[in-house]
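Remarks on the structure that follows.
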Protein chains: 2
Amino acid sequence: MSIIKYDVIPLVVIKRLPRYHRVLSELSAKGIGRISSQELAATMKITASQLRQDLSCFGSFGQQGYGYRVDQLLTEVNQILGLNYGTGMILVGAGFLGKALVNYENFQKRGFTIQAVFDQDPEVVGQSVNGIKVSNVSGLATYLQKNPTEIGIICTPAPAAQEVADVMVQSGIKGIWNFAPISLKVPEGVHVEHVHISESLMVLSFKIRQQYPNGD
Amino acid sequence: MSIIKYDVIPLVVIKRLPRYHRVLSELSAKGIGRISSQELAATMKITASQLRQDLSCFGSFGQQGYGYRVDQLLTEVNQILGLNYGTGMILVGAGFLGKALVNYENFQKRGFTIQAVFDQDPEVVGQSVNGIKVSNVSGLATYLQKNPTEIGIICTPAPAAQEVADVMVQSGIKGIWNFAPISLKVPEGVHVEHVHISESLMVLSFKIRQQYPNGD
DNA sequence: TAGATTGTTAATCGATTAACAATC
DNA sequence: TAGATTGTTAATCGATTAACAATC
């Protein structure tokens, strides 16, 4: 069981956790059972110091003179990130991006399930997306009251997003994964992760034009 | 014209540039012509010091006692990021995500154009996506040799991604925007931006479970 | 000119790296 | 036990913030 040792984990550390998750999953899939901080860090192109420092935010998962058990460490990271918990999600806005997300299989693998899909367009309502029938967004509040859900995904156009977010918040959603290009206003205690899809394209554009040195 | 004053711009600064771009675009759209670092920083929830420090990496765009002209500063940021240049892109892998990207209108607005789309699946080849006919990926190298293109977008499944990247690199692509869940190997001088769509979902998951304090 | 606000230098803060005692 | 490697403390590095002289 993970013990949070410090009140607040630095955000930089949290953002690295998905990478730890990914690399450990790959090592586990390869059947590697044991790894030292030195080796794991080399795989991730970070320093062993940083790796150990990062992990020490959450507890002591290794063994002196031995290293880490890959599967055990992966389990810890999963625990910290809240993966494999069976987290329920609903999605609003079944356009191209919404459909892409509903069909994205990696969520399932990590314990996230899209349980219902909503849209405003009468042409879209009733369609089946990856086996889920799209409901009218007018039924969103009622649905959420009957089926408490942790995460709401917003894939609507910008003008509709705030209204959808308000309904989600009022119906007890804990976190919003927002793909609409607009800053959402939510009360204390509700978390929003805003995905700016084109930000990394702009970074790429900058690097191409400035002959920026390679390597992340 | 922007003058690069230091050999290498810190990556943290580059990653903030798209946000400057966005906020300045919004201000410009609102018809705001002039802004001080103080006001602009407040809008972005950063400090005025950081804003001025960031801009100083690229030149001097303000005027003492006056502030910045919004449109002029936006033009500078666009220049630095290489926006509105008419950057050509091609996309390989016309699945749900690929189709979503081809239909994403914000690229056009910023001067990025998807000029051709490729897929391997005979069922998909020949389909029209947002007015672009999907070509067989076997013709990718030939296409790129005839039509030099700066950016390649990879939306294929993981197993196909490296092969596609190799063809792109050999055909002179300068940057790869990679949505396939695999680390691509590319030579010096070619830039890759890897989009890990579910990383921010995991961060959201962490925050929900740990009652992480609000505010980005 | 007086007031305002930049660009930049200096001070602080936080994150990364190095080093090592603890210990498996 | 001897060797290896962790977890953690201390040192370094880089990024953010504060302060202010330059100047519009």
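Atom set for the values below is all heavy atoms of this structure, side chains included, hydrogens, waters and symmetry mates excluded. Chain naming here is simple, since letters A, B, ... match the order of the sequence lines and numbering starts at 1 in each.
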Worksheet entry | Nearest-angstrom distance from the residue atom CG of A:Leu51 to C1' of D:dT5 | 12 Å

Item to complete: Answer with yes or no whether the side chains of A:Gln170 and A:Asp166 bring together a donor and an acceptor at under 3.5 Å.
Response: no

Worksheet entry | Interatomic distance where CD belongs to A:Gln64 and P belongs to D:dT8 [whole Å] | 9 Å

Worksheet item: With no angle test and no hydrogens, is the base of D:dT5 tied to the side chain of A:Gln63 by a donor-acceptor pair under 3.5 Å?
Response: no

Discussion item. For the residue pair B:Thr87 / A:Arg209, report whether a side-chain donor-acceptor contact shorter than 3.5 Å exists.
Written reply: yes

Fill in: Residue-phosphate contact under 4.0 Å: A:Tyr68 side-chain N/O, D:dA4 OP1/OP2
no

Item to complete: Answer yes or no: does atom CD of A:Glu163 have more than 12 heavy-atom neighbours from other residues, nucleotides or ligands under 6.0 Å?
Response: no

Worksheet item: In whole Å, what is the span from the CD atom of A:Gln50 to the C1' atom of C:dT16?
Response: 6 Å

Worksheet item: Who is the Watson-Crick or G-U wobble partner of D:dT23, with both distances under 3.5 Å?
Response: C:dA4

Worksheet item: Atom CD1 of A:Ile9 and atom P of C:dG14: how far apart are they, to the nearest Å?
Response: 15 Å

Practice prompt. Would you kindly compare A:Gly65 and A:Gln53 by the position of their nearest DNA chain D nucleotide and give the one closer to the 5′ end?
Written response: A:Gly65

Fill in: A:Ile46 CD1 to C:dT17 P, straight-line distance once rounded to whole Å
9 Å

Practice prompt. Would you check if the side chain of A:His194 reaches a backbone N or O of A:Ile176 as a donor-acceptor pair within less than 3.5 Å?
Written response: no

Worksheet item: Per the side chain to side chain donor-acceptor pair (under 3.5 Å) rule, which among B:Arg22, B:His21, B:Arg16 passes with A:Glu199?
Response: B:Arg22

Fill in: Residues A:Gln50 and A:Thr47: side-chain donor-acceptor under 3.5 angstrom
no

Worksheet item: Counting any heavy atom closer than 4.0 Å, what does B:Thr47 reach on the DNA or RNA strands: base, sugar-phosphate only, or nothing?
Response: sugar-phosphate

Worksheet item: Starting at CZ of B:Arg52 and ending at P of D:dA18, how long is that distance when rounded to a whole Å?
Response: 11 Å

Worksheet entry | Earlier contact from the 5' end, DNA chain C, for A:Tyr66 and A:Val12 | A:Val12

Item to complete: Verify the neighbour count for atom CD of B:Gln145: are there more than 12 heavy atoms of other residues, nucleotides or ligands below 6.0 Å?
Response: yes

Fill in: Spacing of A:Leu55 atom CG relative to D:dT8 atom C1', expressed in whole Å
13 Å

Fill in: Whole-Å distance separating the CZ atom of A:Arg69 from the C1' atom of C:dC24
12 Å

Item to complete: Check each residue of residues 30-41 of chain A for a non-hydrogen atom within less than 4.0 Å of any atom in DNA chain C, then write out the ones that pass by number, or none.
Response: none

